[in-house]
> 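Please find one structure pasted underneath; my questions will follow.
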Amino acid sequence: MNGQRPRRGAKQSPSKGDLLQLYYYMRLTREFEESILKLYRQGKILGGAYTGNGNEATSVGSAFCLKKEDYLFPMHRDLGAHLVKGQSLRNLMLQHLARANSLTRGRDGTGHYADPSLRIYGNISHLAAMIPVAAGVALASKLRKEKAVVMTYIGDGGSNVGDFHESLAMCSVMRLPLVLIIENNQFAYSTPIAKQFIVKRLSDRAIGYGIPGITVDGTDVNEVYAACMRAVDHAREGEGPTLIESVTMRMHGHSAHDGAEYVPKNLLEEWKKKDPIARLEKHLTEKKILSASKKLEFEQKISVELEDAVQYALQNPYPAAEEAAVGVFAEQLGIKI
Amino acid sequence: MAVVTYIEAITKGLWEEMERDSSVFLLGEDIGEYGGAFKATKGFLNHFGSDRVIDTVLAESAILGAATGAALVGMKPVAEIQFADFVTSGFNQLVNNSATMHYRWNIPVPMVVRLPSGAGIHGGPFHSRNPEAWFFHQPGLKLVAPSTPYDAKGLIKSAIRDPNPVLYFEHKRLYRHIKGEVPEDDYTVEIGKGDIKREGNDISVVTYGATVHQALEAAELLEKEDGVSVEVLDLRSLMPLDKDLILDSVRKTGKLLIAHEDNITGGIGGEVAALVAEFAFENLDAPIKRIGAIDTPTPYSPTLEEFFLPNKNKIVAALRALAAF
Ligand SMILES: Cc1ncc(C[n+]2csc(CCOP(=O)(O)OP(=O)(O)O)c2C)c(N)n1
C-alpha cells in the first residue's frame, strides 16, 4: 500500500458462494474467449480478436465488487467484467460477429459497445481515452449524489498515455468515485514493461496524486477482490479515487494474429504455473467448496450457453448496407433503456 | 529494377536514408525487435542499433513532441504512429508545435511522421482513419500519400530530406497487395508534384492513395466498355497540391471527378474542387463530381463498411454520369 490509505474498511474476502460464482465467471470468460479464437480462425470474426487469458482473476474479481448502480468501463482484456456486470453471451457474440442486432448495430465490434441498462460503457481503441470519460461519469455521480462508483482499467503500456495522468489529477482533486485498475500483464504488444516504466510498482504512481495505490497479485482472485472492495467502498464514501495495479501475464499474443515470439518461453512457463483459474480451482477443491459434480455442472452450463450464443449470433444477419448512413446525430435527448 | 511490395519500398527508402545520413533515427511503439506492427522496420534494430531505432513508451504526444524537439536541434527523426488513428493522441504537438515553429522561430523542423492509414480491412472506427484532412487545414505541415511502391520509396526519401515536418500517409491495404518496379539506386519523388498515372482526354479523375488503383481499374473499364478516355491524376502530395497539374488536366478534358477514401465533407477533394472552380471554370463542360466515404465514422460490419467506402463500381457510375453529361 502506497500513498494515503483508504479510510474505510470493507468486507475483504468473498464468501463461499461468492467464490463459486467467481470461479464460474472465470471459467466462462476463458471458454468464451476460446470460442472467439475458434470463430476467428474460421474467418467468421473479421479484423482482430483479443483475449484476456491470464487476466480472468482481475477482470472478474474486480467487477464482482460492483453493485448494479455502479458503472463499468472495461478494456480489451476484460471480457470477464462484462459478464459479471450482467452482459449476455448472446449480446457479446453478436458484437464480435458484427451482426445487425448487436448493441452497436454492427457499427463497432468486440467490447466497444455501451449498454446503459447495465451501466457498461465499452472502450475505444485509443488507450487511456476512456479514463477521462469514466471520470466524467464519476463527476455526474457525485454531482447527483448517486453514490455510484465508476470502475475502469488500463494496461501497463496504456498507463503512459497522458489521459491516464490527467484523469487522476482531476479525480484526486475533486475526490471523484473512480477505481482505476492497471492490468500489468508484462507486455504492451511486443514491448516488455522494462521499456514502459522504471518505478517498482505502477501503484507508486498514486503517490504523485495523493491517492491510495495498491499492487495485488493479479492471479489471485481473493487479493483482487479484497483490494477492489476497499477501493469501491472508499469511492462510495466520497473519499475519492484509488489506483490498483494487478500483476499478471498476458498468456496469449497481443491479438489473435500475433504469435508473440518475442515472449521468452520460460516466462510463459513460469506464469502458467500461476494460472488464475487453476489456482482458484485448487483452493476451492482443497477447501471442499467446489465438488466434482458442481464443476461438471458449471462446465455443462457454460458449454450449452456458449453454443446457444454462437448459433444465435451466426444466424443473425449483417446489417443492411444502407444502415451505414443512419445515426450520426441524435434526434432527441435521453436514451431508451 | 526489383519488383517489390509497397511496404518493402517504404522499408528500402527508410533503410537507404539511414545509411546515408547518421542524423536520421526512428522512434515509435514496437518498431525495434518486433519491426513494427506492419513489419516496416524489421531488421533495423540489429543493423542500426538501439540509438537509432527506438522503442518508445506508449505515449503518442511524447513521441511526436520528442520528434519535434530532436528535429528542432538538427536531428532527423522519423516517428511511426502504429495506426494513423492514434495520431490524435499527439495532435497538439503536430498542429501547434511542429507546424508553427518555422513560421515563428525561423528554425526548420525536419521530421517525418509515418501514418499507416485507411479502411477496408475490417478495422472499425478506430483502426481505419484517413486523417489527412485534419492536418491539411494546418499551415506548416507537408502531407504526402503515395499509391505505388515507386512513389512510396521516392517520397519517404524526400520527406526525410525535407526541412519541414512531413506527414507520410501509407495505406495499409496497399502494403502487401500492390507491387511494382523500384530502382535500386538513390532517387526521390519531389514533394508537391502529382503524377498522371494514366493519360486520357475525356474526363480527369483527381485522386490519391488507395483510391488511385480503383480509379485506374474504373478507367480501364470505361475505355473498354464505353470508349471513354479517362485521365487518372495521382496527387501523391496533398500539401502542397500540384495545382498546375490539376488545372492542366481539367483544361484538357473539361470534366472532373475527385475521388478519395476519406469522407467527403471537409475532405481534400473540396479544396481541389474550389481550385478548379476558381481557375478553370470556363473549361468545365460538366459540374464537378466528388466521391469519397460517406460522412459517418468507419463502421465495422462488412456490409456497412462496403456501403461507406468508395470503390471501383461507384467510380464507374460517377464517370458514366460525367461522360453522359
Ligand atoms: C493511443 C494508442 N496508441 C497505440 C495503440 C495501439 N495498441 C493497441 S494495444 C497496444 C498495447 C497495449 O498494451 P497495454 O496497455 O500494456 O495493454 P495490454 O494489451 O498488454 O493489455 C498498442 C500499442 C492504441 N490502441 N492506442
Side-chain angles (χ1 to χ4, degrees), chain A residues 45-48 95-100 102 104-110 112 123-129 154-165 187-198 254-255 257-258 260-262 317-329, chain B residues 28-39 42 45 50 54-65 81-83 85-93 119-129 172 263 265 293-309:
Chain A
I45 287 181
L46 304 169
Q95 268 296 116
H96 279 84
L97 290 163
R99 301 298 155 142
S102 75
T104 58
R105 290 107 67 230
R107 285 157 170 75
D108 205 344
T110 61
H112 289 203
N123 57 310
I124 68 167
S125 302
H126 294 62
L127 296 164
I154 189 64
D156 42 274
S159 72
N160 280 323
V161 175
D163 286 355
F164 169 95
H165 299 275
F187 284 86
Y189 204 156
S190 77
T191 306
I193 52 175
K195 287 187 180 177
Q196 294 288 1
F197 56 91
I198 61 168
H254 167 63
S255 75
H257 79 274
D258 174 27
E261 291 79 11
Y262 48 82
Y318 285 131
E322 317 76 58
E323 275 291 304
V326 181
V328 174
F329 294 107
Chain B
E29 294 160 11
D30 305 289
I31 66 167
E33 188 189 330
Y34 196 61
F38 298 99
K39 307 287 180 200
K42 187 89 195 156
L45 177 65
S50 58
I54 301 170
D55 273 324
T56 65
V57 294
L58 202 165
E60 282 74 13
S61 192
I63 292 169
L64 295 170
I81 298 297
Q82 198 160 83
F83 281 77
D85 308 61
F86 305 134
V87 72
T88 48
S89 302
F91 193 76
N92 187 35
Q93 289 301 330
I121 55 151
H122 309 299
F126 310 112
H127 286 81
S128 306
R129 282 261 192 202
K172 303 190 291 285
N263 61 301
T265 304
I294 63 170
D295 290 323
T296 71
T298 309
Y300 173 54
S301 201
T303 47
L304 303 180
E305 191 178 17
E306 196 181 327
F307 184 87
F308 163 85
L309 284 175

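Keep in mind it's a predicted model, so treat the numbers as computed, not measured. Residue numbering restarts at 1 for every chain, and letters A, B, ... go by the order of the sequence lines.
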> Could you check which of A:Ala98, A:Gly109, A:Gly48, A:Gly155 has the highest count of heavy-atom pairs closer than 4.5 Å to chain B?
A:Ala98

> Who wins among A:Gly162, A:Ala100, A:Gly47 for the most heavy-atom pairs under 4.5 Å with chain B?
A:Gly47

> Which one of B:Pro302, B:Ala59, B:Ser61, B:Gly124 has the most heavy-atom pairs closer than 4.5 Å to chain A?
B:Pro302

> Identify the heavy atoms of B:Asp55 and A:Lys195 that sit nearest to each other, and give their distance.
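Taking every non-hydrogen atom into account, OD2-NZ, 3.1 Å.
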
> Report the distance from atom OH of A:Tyr189 to atom OH of B:Tyr34, rounding to the nearest 0.5 Å.
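Those atoms lie 3.5 Å apart.
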
> In the structure I gave you, are the side-chain heavy atoms of A:Ser125 and B:Phe83 within less than 4.5 Å of one another anywhere?
no

> In terms of heavy-atom proximity below 4.5 Å to chain B, should A:His257 be classed as side chain, backbone, both, or neither?
side chain

> With under 30° as parallel and over 60° as perpendicular, where do the rings of A:His112 and B:Phe126 fit, or are they tilted in between?
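Taking B:Phe126 first and then A:His112, their aromatic rings sit tilted (interplane angle of 30° to 60°).
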
> Can you name the nearest heavy-atom pair linking B:Thr303 to A:Pro319, along with the distance?
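Closest approach of B:Thr303 to A:Pro319, heavy atoms only: OG1-O, 2.7 Å.
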
> Tell me, side chain or backbone of B:Thr88 under 4.5 Å from chain A's heavy atoms, or both, or neither?
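Contact with chain A is through the side chain of B:Thr88 alone.
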
> So what's closer than 4.5 Å to chain B heavy atoms on A:Leu127: side chain, backbone, both or neither?
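Answer is side chain: those atoms of A:Leu127 sit under 4.5 Å from chain B.
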
> So which heavy atom on A:Gln95 is nearest to which on B:Tyr300, and how close?
O-CE2, 4.1 Å

> Where do A:His126 and B:Asp85 come nearest, in terms of heavy atoms and distance?
NE2-O, 2.8 Å

> Please look at B:Glu306 and chain A and tell me whether the side chain, the backbone, both or neither of the residue comes under 4.5 angstrom of a heavy atom of that chain.
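Answer is neither: B:Glu306 stays 4.5 Å or more from chain A.
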
> Could you tell me whether the side chains of A:Ser190 and B:Asp30 share a donor-acceptor contact shorter than 3.5 Å?
yes

> Give me the atom names and distance for the closest heavy-atom approach of A:Ala188 to B:Leu58.
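Smallest heavy-atom distance, with atoms named: CB-CD1, 4.4 Å.
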
> Under a 4.5 Å heavy-atom cutoff, which of A:Val326, A:Asn160, A:Thr104 has the most pairs with chain B?
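Option with the top pair count is A:Asn160.
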
> Please step through side-chain contact (heavy atoms from CB on, under 4.5 Å) for the pair B:Leu304 and A:Glu323, ending with a clear verdict.
CA-CA 7 Å; B:Leu304 303 180; A:Glu323 275 291 304; 3.9 Å; yes

> Select one option (side chain, backbone, both, neither) describing which atoms of B:Glu305 are under 4.5 Å from chain A's heavy atoms.
neither

> Does any backbone or side-chain atom of A:Glu261 lie under 4.5 Å from a heavy atom of chain B? Answer side chain, backbone, both or neither.
neither

> Given that the side chain runs from C-beta out, which part of A:Ala320 has a heavy atom under 4.5 Å from chain B: side chain, backbone, both or neither?
backbone

> Drop me the distance from A:Arg107's CZ to B:Ser301's OG, to the nearest 0.5 angstrom.
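The CZ atom of A:Arg107 sits 9.5 Å away from the OG atom of B:Ser301.
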
> State which residues pass side-chain contact (heavy atoms from CB on, under 4.5 Å) with B:Thr296; sequence neighbours excluded, sorted by chain then number.
A:Val328, B:Ile294, B:Pro299, B:Phe308

> Show the nearest heavy-atom pair for residues B:Pro125 and A:Asp108, with the distance to one decimal.
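B:Pro125 and A:Asp108 have their closest heavy atoms at CD-OD1, 3.4 Å.
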
> Answer with side chain, backbone, both or neither: which region of B:Ala37 has an atom nearer than 4.5 Å to a non-hydrogen atom of chain A?
both

